[in-house]
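Letters A, B, ... mirror the listed sequences (proteins, then strands); counts begin at 1.
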There are 2 protein chains.
Amino acid sequence: MIRNKTTEYALTILGFMATRNEDMYSAEYLHKQLNIPRRYLRRLLTDLSKHGFLKSTSGRNGGFVFAKDLEEINLDLVISTLERYDAINTCILGFSCCIVDKPCIMHDIWMEARSKMVEILSNTTLADLKEKYQMDLIKKL
Amino acid sequence: MIRNKTTEYALTILGFMATRNEDMYSAEYLHKQLNIPRRYLRRLLTDLSKHGFLKSTSGRNGGFVFAKDLEEINLDLVISTLERYDAINTCILGFSCCIVDKPCIMHDIWMEARSKMVEILSNTTLADLKEKYQMDLIKKL
DNA sequence: ATATATTACTACCTTTTTGTAGTATTTATA
DNA sequence: TATAAATACTACAAAAAGGTAGTAATATAT
């Protein structure tokens with residue numbers, strides 16, 4: 001499902017940004033807050049911009065902000081954008097079908113398990129996370 | 001969830017073996033059937049033996065058979081044996097928590113999504129796959 | 001204008017995962 | 001006992017993922 005650390009990083013970054021109220025997030029700031037390797041984080045932020053999640057501003061006081069509404073970004077979208085499935089020759093799940101049986105023996109059970117997961121992830125947007133985060137803050141008072 | 005191709009291979013191998021009725025499976029035979037790289041497959045089979053899923057017989061006519069009942073091997077067991085979670089410092093899900101929030105913002109939603117998946121996988125044994133496979137064969141007649 | 005704080009690009013290095021090679025060992029069979 | 005068909009072990013090679021470095025470009029502030 002989530003194969004890459006990069007995807008984890010991306011979720012962490014977007015989740016963090018979604019729940020705070022800064023006008024702008026610089027790579028340096030995010031690095032300090034999230035402890036993701038500085039240079040790698042930078043590259044990832046640029047990637048997230050290229051994929052349309054963020055938009056960047058160069059120069060002093062520059063940084064990153066969301067390129068679209070938080071409602072429009074669900075967790076499955078983030079994951080499926082960053083994980084590169086070699087879509088052909090594999091099950092949708094990223095589980096390569098064996099040659100003998102197509103679909104393979106695992107296919108059905110795997111699809112069932114995976115779809116449950118995807119259902120939850122795709123129904124959760126960054127806006128939901130933000131709301132939840134703020135509710136949690138209130139509860140703590 | 002499933003990060004490694006190795007895990008996919010393992011599931012493919014065990015699933016295949018569970019649904020056929022051979023007395024013994026040699027690496028060479030499995031290689032031809034499943035198209036997994038010969039040498040890598042061999043090593044993996046040895047690993048699966050060390051992990052107690054299979055037992056091996058050396059020498060001519062040797063090969064691999066299950067070391068325990070198919071009922072005792074569920075899919076989550078296979079996955080969690082082969083994927084090496086660096087259990088400490090990470091969520092149970094293998095998703096490293098960010099430093100700022102512990103548990104991280106994603107924690108709850110992720111646990112929910114993941115537990116649905118694990119529930120299905122851990123409730124499915126190789127015996128179930130075998131049964132399903134045979135039912136499917138009958139239906140085709 | 002110049003210095004400073006930021007992102008962008010490209011190339012490289014390191015670690016992990018995946019895959020290969022060679023040789024030794026085991027065991028049935030002719 | 002020799003041969004053939006298997007697994008076991010160890011080391012290495014290749015590919016992918018993760019991480020670093022240097023430099024260029026951009027924009028603000030002084």
Nearest whole Å is fine: how far is [N] [atom2] from [X] [atom1]?
| X | N | atom1 | atom2 | answer |
| --- | --- | --- | --- | --- |
| Ile13(B) | dT18(C) | CD1 | P | 13 Å |
| Arg42(A) | dT6(C) | CZ | C1' | 8 Å |
| Leu48(B) | dT7(D) | CG | C1' | 14 Å |
| Tyr29(A) | dA5(C) | OH | P | 18 Å |
| His31(A) | dG19(D) | NE2 | P | 12 Å |
| Phe64(B) | dA5(D) | CZ | P | 17 Å |
| Leu44(A) | dC9(C) | CG | P | 15 Å |
| Leu45(A) | dC9(C) | CG | C1' | 15 Å |

Validation: residues 49-72 of chain A side-chain donor-acceptor distances under 3.5 Å, sequence neighbours left out:
| residue | atom | partner | partner atom | Å |
| --- | --- | --- | --- | --- |
| Ser49(A) | OG | Leu45(A) | O | 3.0 |
| His51(A) | ND1 | Asp47(A) | O | 3.2 |
| Glu72(A) | OE2 | Asp69(A) | N | 3.3 |

remark   = Among dT7(C), dC9(C), dA8(D), the one nearest any side-chain atom of Ala27(A) is dT7(C)

remark   = Heavy atoms of Leu48(A) and Leu14(A) approach each other most closely as CD1-CD2, 4.2 Å

query = What orientation do Phe16(B) and Tyr25(B) show, parallel under 30°, tilted 30 to 60°, or perpendicular over 60°?
reply = perpendicular

inquiry  = Looking at dC9(D), I'd like to know if its phosphate oxygens (OP1 or OP2) sit under 4.0 Å from a side-chain N or O belonging to Thr46(B).
reply    = no

query = Taking only side-chain nitrogens and oxygens of Ser58(A), does any of them come within less than 4.0 Å of OP1 or OP2 of dA8(C)?
reply = no

inquiry  = Within the 4.0 Å heavy-atom criterion, would you say Lys50(B) contacts the bases, only the backbone, or no part of the nucleic acid?
reply    = sugar-phosphate

query = Which part of the nucleic acid, if any, lies within reach of Ser49(A) when heavy atoms closer than 4.0 Å are counted: base, sugar-phosphate only, or nothing?
reply = nothing

request  = Using side chain to side chain donor-acceptor pair (under 3.5 Å) as the criterion, list what pairs up with Lys32(B), not counting sequence neighbours.
outcome  = none

inquiry  = Under the rule for side chain to side chain donor-acceptor pair (under 3.5 Å), what residues qualify as partners of Arg39(B), not counting sequence neighbours?
reply    = none

inquiry  = Between Arg38(A) and Glu28(A), does any NZ, NE, NH1 or NH2 come within less than 4.0 Å of an OD or OE carboxylate oxygen?
reply    = yes

inquiry  = When you compare the side chain of Ile36(A) with that of Leu30(A), does any pair of heavy atoms fall below 4.5 Å?
reply    = no

Distances under 3.5 Å only, N/O to N/O: pair up the protein atoms with those of nucleotides 19-21 of chain C.
| residue | atom | partner | partner atom | Å |
| --- | --- | --- | --- | --- |
| dG19(C) | OP1 | Tyr9(B) | OH | 3.3 |
| dG19(C) | OP2 | Tyr9(B) | OH | 2.9 |
| dG19(C) | O6 | Arg43(B) | NH1 | 2.9 |
| dT20(C) | O4 | Arg43(B) | NH1 | 3.2 |
| dA21(C) | N7 | Arg39(B) | NH1 | 2.7 |

Show me the donor-acceptor pairs, under 3.5 Å and distance only, between side chains in residues 117-125 of chain A and residues at least two apart or in other chains.
| residue | atom | partner | partner atom | Å |
| --- | --- | --- | --- | --- |
| Ser122(A) | OG | Val118(A) | O | 2.8 |
| Ser122(A) | OG | Glu119(A) | O | 3.4 |
| Asn123(A) | ND2 | Glu119(A) | O | 3.0 |
| Thr124(A) | OG1 | Ile120(A) | O | 2.9 |
| Thr125(A) | OG1 | Ala127(A) | N | 3.2 |
| Thr125(A) | OG1 | Asp128(A) | N | 3.2 |
| Thr125(A) | OG1 | Asp128(A) | OD2 | 3.3 |

inquiry  = If I take atom OG1 from residue Thr7(A) and atom CG from residue Leu44(A), how far apart are they, to the nearest 0.5 angstrom?
reply    = 9.0 Å

Scan nucleotides 28-30 of chain D against the protein and return all N/O pairs shorter than 3.5 Å with their distances rounded to 0.1 Å.
| residue | atom | partner | partner atom | Å |
| --- | --- | --- | --- | --- |
| dT28(D) | O3' | Asn61(A) | ND2 | 3.3 |

